[in-house]
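A note on names: the letters A, B, ... follow the listed sequences, proteins ahead of strands, and every chain is numbered from 1.
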Amino acid sequence: MVQHWLVKSEPHVYPWEQLVKDGQTHWDGVRNYQARNTMRDDMKLDDIVLFYHSNTKPPHVAGIAKVCREGYPDHTAQDPSSHYFDAKASPENPRWIMVDIAPHRALLSMVTLPQMKANSALDGMPLLAKGSRLSVQPVSEEHYAEVCRMGGLA
DNA sequence: GCCAACGTTGGC
DNA sequence: GCCAACGTTGGC
């Protein structure tokens, strides 16, 4: 069964438009254990991923991606010149994991955080939970379908 | 294993 | 820029 996820990116760091240009990308730099475990254990090839822009006005879902490579070591953790370098990572113990994602579907319009908060059909969505900071999180099939309905599939 | 200090996230 | 929420670190 295909599963659904949501990943956050700050648009000034890596926007949806860049993913469309690139065709696919390494989802590197995740340094949170819960998010890592999700990528390592749960995200499967062809799973669907809502691409969310955080730290922008308004925050919003910008597009729909899919997993095109399952979890493997995040090499930036072992690169001293990387912003994401982690001295505790090594080839034997890479410590951090990433997946690859690619664009899947475009939305006719962005789905903003205020719109989602106002939609009771999305009650219980982890993104909307108070204090939610997870950068990789699950989305139920029903919530996914509702976000698609709100944005309109291109 | 507790918990205070600190750093980060991310909406507002 | 503020600050609440949360995660991690490290002394004890």
Side-chain angles (χ1 to χ4, degrees), chain A residues 3-22 25-43 47-67 70-101 103-104 106-140 142-152:
Chain A
Q3 305 173 96
H4 304 85
W5 310 97
L6 179 144
V7 299
K8 296 178 184 174
S9 185
E10 303 196 18
H12 69 90
V13 176
Y14 193 88
W16 165 254
E17 293 75 17
Q18 189 64 45
L19 180 63
V20 172
K21 277 184 198 160
D22 291 345
T25 196
H26 313 294
W27 203 246
D28 61 3
V30 174
R31 297 291 179 268
N32 169 281
Y33 287 109
Q34 196 174 344
R36 177 204 67 181
N37 294 348
T38 296
M39 293 196 291
R40 183 188 63 194
D41 303 332
D42 302 326
M43 291 178 89
D47 277 359
I48 302 295
V49 179
L50 296 176
F51 195 105
Y52 179 80
H53 282 163
S54 64
N55 250 315
T56 189
K57 293 180 184 177
H60 60 274
V61 175
I64 302 171
K66 68 176 177 179
V67 176
E70 294 180 8
Y72 63 106
D74 180 344
H75 54 79
T76 63
Q78 296 172 55
D79 175 2
S81 69
S82 170
H83 175 67
Y84 300 119
F85 178 67
D86 179 349
K88 293 178 181 170
S90 66
E92 300 74 35
N93 176 22
R95 191 156 145 118
W96 302 110
I97 295 291
M98 61 186 178
V99 299
D100 289 357
I101 63 172
H104 177 53
L107 293 169
L108 294 172
S109 60
M110 67 168 74
V111 179
T112 70
L113 185 61
Q115 288 172 336
M116 289 191 281
K117 283 183 169 175
N119 185 343
S120 62
L122 297 180
D123 284 355
M125 190 174 177
L127 178 72
L128 307 181
K130 184 182 168 102
S132 162
R133 286 180 16 185
L134 259 187
S135 60
V136 179
Q137 56 178 261
V139 176
S140 74
E142 294 76 16
H143 291 163
Y144 170 73
E146 181 63 15
V147 171
C148 288
R149 193 196 64 73
M150 294 169 74

Point to revise | Crowding at NE2, A/His12 (>12 non-hydrogen neighbours, <6.0 Å) | key: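 Atom NE2 in A/His12 is crowded, with more than 12 foreign heavy atoms closer than 6.0 Å.
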Review point. What's the verdict on side-chain contact (heavy atoms from CB on, under 4.5 Å) for A/Thr25 and A/Gln18, showing C-alpha distance, side-chain angles and the deciding distance?
Key: CA-CA 9 Å; A/Thr25 196; A/Gln18 189 64 45; over 6 Å; no
**Study point:** Aromatic ring proximity, centroids under 6.0 angstrom, A/Trp96 and A/Tyr33
**Key:** yes
Review point. Between A/Gly131 and A/Lys88, which has a closest nucleotide on DNA chain C that is more 5'?
Key: A/Gly131
Exercise for review: Compute the angle between the rotation axes at the two ends of the helix from B/dG1-C/dC12 to B/dC12-C/dG1, each taken over five pairs, rounded to 10 degrees.
Suggested key: 10°
Review point. For A/Arg95, what residues pass the salt bridge (charged side-chain N to carboxylate O under 4.0 Å, His left out) criterion, not counting sequence neighbours?
Key: A/Asp86
Exercise for review: Taking salt bridge (charged side-chain N to carboxylate O under 4.0 Å, His left out) as the test, write out the residues that go with A/Glu146, two or more places apart.
Suggested key: A/Arg149
Check your understanding: How about A/Tyr72 and A/Asp100: does a side-chain donor come under 3.5 Å of a side-chain acceptor?
Key ->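 Checked: A/Tyr72/A/Asp100 side chains pair up, N/O donor to acceptor below 3.5 Å.
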Practice item. Summarise protein proximity over nucleotides 7-12 of chain B in one line of letters, 5' to 3': B for base, S for sugar-phosphate only, - for none, counting protein heavy atoms closer than 4.0 Å. Key: BBBBBS
Check your understanding: Do the side-chain N or O atoms of A/Lys130 get closer than 4.0 angstrom to the phosphate oxygens (OP1, OP2) of C/dA5?
Key ->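 Indeed, a polar side-chain atom of A/Lys130 lies that close.
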Practice item. Could you tell me which residues satisfy side-chain contact (heavy atoms from CB on, under 4.5 Å) with A/Ile97, sequence neighbours excluded, listed by chain and number? Key: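 If we apply the side-chain contact (heavy atoms from CB on, under 4.5 Å) test to A/Ile97, skipping adjacent residues, the hits are A/Arg36, A/Met39, A/Arg40.
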Review point. Who passes ring-ring contact (aromatic ring centres under 6.0 Å, His included) against A/His143, sequence neighbours left out?
Key: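 Checked A/His143 against ring-ring contact (aromatic ring centres under 6.0 Å, His included); zero matches.
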